[in-house]
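Protein chains get the first letters and strands the later ones, always in sequence-line order, with residue 1 at the start of each. The shown structure was predicted, so the numbers you read here are calculated from the model rather than taken from an experiment.
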There are 2 protein chains.
Amino acid sequence: MRLLIARCTVDYVGRLTAHLPEAPRVIMVKADGSVLVHSDGGSYKPLNWMSPPCTVRMAESEDDGIDQVWTVENKAGEQLIVTIHEILHDHERELGTDPGLVKDGVEAHLQKLLAEQLDALGDGWRLIRREFPTAIGPVDLMCRDAQGLSVAVEIKRRGEIDGVEQLTRYLELLNRDPLLQPVRGVFAAQEIKPQARVLAEDRGIECIVVDYDALRGVDDAESRLF
Amino acid sequence: MRLLIARCTVDYVGRLTAHLPEAPRVIMVKADGSVLVHSDGGSYKPLNWMSPPCTVRMAESEDDGIDQVWTVENKAGEQLIVTIHEILHDHERELGTDPGLVKDGVEAHLQKLLAEQLDALGDGWRLIRREFPTAIGPVDLMCRDAQGLSVAVEIKRRGEIDGVEQLTRYLELLNRDPLLQPVRGVFAAQEIKPQARVLAEDRGIECIVVDYDALRGVDDAESRLF
DNA sequence: CCGTAAATGTCGTCG
DNA sequence: CGACGACGTTTACGG
C-alpha cells in the first residue's frame, strides 16, 4: 500500500474517456496494483481509478512541471494515466491480507428467516424449497399455501419495480408448468415503494411488508429455547 | 483530508450490521467528515465507510490495547465505529475543492449521435423527439418510420434484460394512445446480451447493435465540414 | 468464464 | 425531498 498526496492530472481511456484537471489529490496504490484517485470530499467512490488485475508503469519525466507519469493498464486495454506534477506526501507500508468483512442483515438472512417462519407470509404454508431453480434463475421461496396451491415468493430488502419484474418473469415461466400451475406471486420486502406496489397489485401479485427485527427476534427467542 | 494507517477494528450498524476484525488498514477522513476504511487490495470500494453528511466524534481510550474510538454517525442514525488499536502512520493536509471530472462517451452521447443519424436505425426515419415523455418516464427516441408508423427506441450502452423490460413498459403504455398506436419497439445498444435479445425478440422488439466509434466518426467528419 | 441478481450500491436529474 | 435510471456500476454466487 502506497499513499501519495500529489498535484496531479488524471486521464482514463476505456469504456469512456474521463479527464481530471490538475489539482492536489490522494493517490492510493494497492498491493495488487490497483490505483485509486480521491478528492477531499464526495463519497467512497474515487474520482478515477483502475481495478485489479492491472499493471502500473511509473516513468520519470524530463518535461517542465511534470515529475512522473504513471500508466496503469488492465487486460482489456483500459488505461489510467496519472501525471504527477508535484509530490506533497509519500508513504508506503505493507498491510498484509485483510481478514475481511462479516455482514448481517442482507437479503440472504431475510430469506433464511422467512423460510423458517413462513407464517409471517401466510397461515398453513409449506416450504417446497429455497432458491427454487428455473431456467431464468432461482425463485427465492417456492411454497404451497393452506389449499395446496403454489406460491412463488420474491424477497427484497427494498421492494422496487425491478423486483416486481423479476417475479413476473418467474411467474410467467412457472405457470407454464402443469405440475405447479396455477402459481401466484408474493412480493415480500422490508419496504415496498409505492410504484412497485402499484405494479405488483396490477399484476395480481400480493405485497407483504416484513419486519426484519421482529423475524430476528423470534429467531433469537427460538434459538434460546434449544 | 487525513490519512491514517492503523491497526483497527471497525463496526457498522445501520442498514445492516458489519464487522471487521482487527488488522492494519488505511483510514481516510475527508474534509466533509466522511470516513473510508481500505484494505490493501480489492477494488475501489472500501471495506467499510460512512458517507457524508456525517459527524465524527474521536475519543481517547483508557482501555488496554485501545488507543482511540471514533464514532461516525449520519443523520439517519447509522453508525460506523472505528476502534484504533495502534497508529502506524498519520498525515493530514488541506486539499481544497476538486475541479471535478469531465466525461465523454456515456449513453447521453450515444443518444445524441443516434438522434442525428437515424439512418443507423432505419432508412427514411423521422425523429419526433428525444426524451419523449410518458407517464412512466421518457422514451429515449420517438420516431416515425418510412411508412409513418411510430417507433419507440430504447438506447443502452450494454443491452440487458432490464432494458427490454423498460422498453416493454413504454410500449404497453404507448400502444394505448390512439394518436400513436401501433407503436413498435427498437432496442439499440453497443452490445446486446443473448438473454436480452431472446426476450426482446420474443416480444417483437427489434434489436440493433450500434457502432459508437462509427457514429462518432461520422459526427466528427460532419463537424469538420462546417 | 458467463449470466444473474444484490448492493450500506452511488450519482445525476427531474418532478 | 422522493423517484427513477445510468453507472467505467462493483461484487458475489452458481452453472
Side-chain angles (χ1 to χ4, degrees), chain A residues 11-18 34 42-52 54 74 76-80 100-101 103-111 131 133-140 154-158 160-163 165-167 169-170 189 191 193-196 198, chain B residues 10-18 34 36-37 42-52 54 72 74-80 100-101 103-111 131 133-140 154-158 160-163 165-167 169-170 189 193-196 198:
Chain A
D11 289 276
Y12 164 77
V13 181
R15 278 165 283 185
L16 54 74
T17 60
S34 57
S43 183
Y44 69 68
K45 195 177 174 180
L47 291 165
N48 234 328
W49 71 93
M50 183 61 72
S51 305
C54 60
N74 68 6
E78 297 171 56
Q79 284 191 334
L80 187 75
L101 191 66
K103 289 186 186 184
D104 173 47
V106 288
E107 187 196 295
H109 297 122
L110 195 56
Q111 186 191 117
E131 301 287 346
T134 78
I136 54 171
V139 177
D140 288 339
E154 177 63 36
I155 301 168
K156 288 275 183 260
R157 206 168 52 71
R158 294 173 52 192
E160 300 185 18
I161 268 181
D162 58 347
E165 298 286 17
Q166 192 182 341
L167 179 54
R169 287 197 299 274
Y170 292 144
E191 178 199 353
K193 297 278 173 177
Q195 277 85 349
V198 169
Chain B
V10 187
D11 288 277
Y12 165 77
V13 181
R15 280 163 283 186
L16 53 72
T17 60
S34 57
L36 320 183
V37 180
S43 186
Y44 69 66
K45 195 176 175 178
L47 291 167
N48 232 327
W49 72 93
M50 182 62 71
S51 304
C54 60
V72 193
N74 68 7
K75 225 150 184 185
E78 297 171 55
Q79 285 191 331
L80 187 74
L101 191 66
K103 285 187 184 181
D104 172 47
V106 287
E107 187 198 292
H109 197 193
L110 194 58
Q111 186 191 113
E131 302 288 347
T134 77
I136 55 170
V139 177
D140 288 340
E154 177 64 36
I155 301 169
K156 291 273 182 255
R157 201 176 57 72
R158 295 171 53 190
E160 302 187 15
I161 271 181
D162 56 347
E165 299 283 19
Q166 194 181 341
L167 178 53
R169 287 197 299 274
Y170 290 142
K193 297 278 172 177
Q195 277 82 350
V198 168

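Here A/Q166 reaches the OP1 or OP2 of C/dA6: one of its side-chain N or O atoms lies under 4.0 Å away. Between A/K103 and the phosphate of C/dA7, there is no side-chain N or O to OP1/OP2 separation shorter than 4.0 Å. Close to C/dT8, at under 4.0 Å from its OP1 or OP2, lies a side-chain N or O of B/K45. Within the 4.0 Å cut-off from OP1 or OP2 of D/dA3, at least one side-chain nitrogen or oxygen of A/K193 is found. Put simply, B/R169 has a side-chain N or O that comes within less than 4.0 Å of OP1 or OP2 on D/dG5. Using a 4.0 Å cut-off, no side-chain N or O of A/S51 falls inside it from OP1 or OP2 of D/dG8. Contact annotation: A/Y44 side-chain N/O to C/dA7 OP1/OP2 distance is not under 4.0 Å. Proximity of B/R158 to the phosphate of C/dT4: no side-chain N or O atom is located under 4.0 Å from OP1 or OP2.
At distances below 3.5 Å, at least one donor-acceptor pair connects side-chain atoms of A/D140 with backbone N or O atoms of A/I155. The backbone N or O of B/K45 lies less than 3.5 Å from no partner atom in the side chain of B/S43, so there is not a single donor-acceptor pair. Judged by distance alone, with hydrogens and angles left aside, the side-chain atoms of B/N74 form no donor-acceptor pair with the main-chain N or O of B/C54 at under 3.5 Å. Between the side chain of A/Y170 and the main chain of A/P138, a donor-acceptor pair closer than 3.5 Å is present.
The B/Y170 side chain lies nearest to D/dG5 when the options are D/dG5, C/dA6, C/dT8. For A/K156, taking side-chain heavy atoms from C-beta onward, the closest of the listed nucleotides C/dT8, C/dA6, C/dT10 is C/dA6. Closest to the side chain of A/R15, from the set C/dA5, D/dT10, C/dT8, is D/dT10. Here the side chain of A/V106 is nearest to one of C/dA7, D/dT10, C/dG3, namely C/dA7. Each of C/dC11, D/dT10, C/dG3 was ranked by its minimum atom distance to the side chain of A/W49; first place goes to D/dT10. The side chain of A/D140 has C/dA6 as its nearest neighbour among C/dA6, D/dG8, C/dC11.
The interatomic distance linking B/L101 (CG) with D/dG8 (C1') rounds to 10 Å, in whole Å. Nucleotide D/dC13 holds its P atom 11 Å from the CD atom of A/E131, rounded to whole Å. Computed from coordinates, the B/K75 NZ to D/dC1 P distance equals 7 Å when rounded to whole Å. For A/Q111 and D/dC13, the CD to P distance is 13 Å, given to the nearest whole Å. Between A/E107 atom CD and C/dA7 atom C1' the separation is 10 Å, expressed in whole Å. Between the P atom of D/dA6 and the CD atom of B/E160 lies a distance of 11 Å, rounded to the nearest Å. Straight-line distance from the CG atom of A/L47 to the C1' atom of D/dG8: 14 Å, rounded to whole Å. D/dC13 atom C1' lies 15 Å from atom NE2 of A/H109, rounded to whole Å.
To the nearest whole angstrom, the two C1' atoms, one in C/dC14 and one in D/dG8, are 24 Å apart. C/dT8 and D/dG14 have their C1' atoms separated by 24 Å, given to the nearest Å.
Residue-level contact check: A/P138 touches neither bases nor backbone, having no heavy atom under 4.0 Å from any strand. Looking at heavy-atom distances under 4.0 Å, B/N48 makes contact with a base. At a threshold of 4.0 angstrom between heavy atoms, the contacts of A/E165 with the nucleic acid are absent. Residue-level contact check: A/I161 touches neither bases nor backbone, having no heavy atom under 4.0 Å from any strand. Residue-level contact check: A/M50 touches the bases, meaning some heavy atom is under 4.0 Å from a base atom.
For B/R169 and A/E165, the salt-bridge test passes: some basic side-chain N is under 4.0 Å from an acidic carboxylate O.
Nucleotide D/dC7 forms a Watson-Crick or G-U wobble pair with C/dG9, both donor-acceptor distances falling under 3.5 Å.
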Next on the checklist: As a quick check of understanding, evaluate side chain to side chain contact (heavy atoms under 4.5 Å, CB included) for B/Y12 and B/M50, giving each step before the final call.
Outcome noted: CA-CA 9 Å; B/Y12 165 77; B/M50 182 62 71; 4.2 Å; yes
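Side-chain atoms of B/Q166 and B/K156, non-hydrogen and from C-beta on, do get closer than 4.5 Å to each other.
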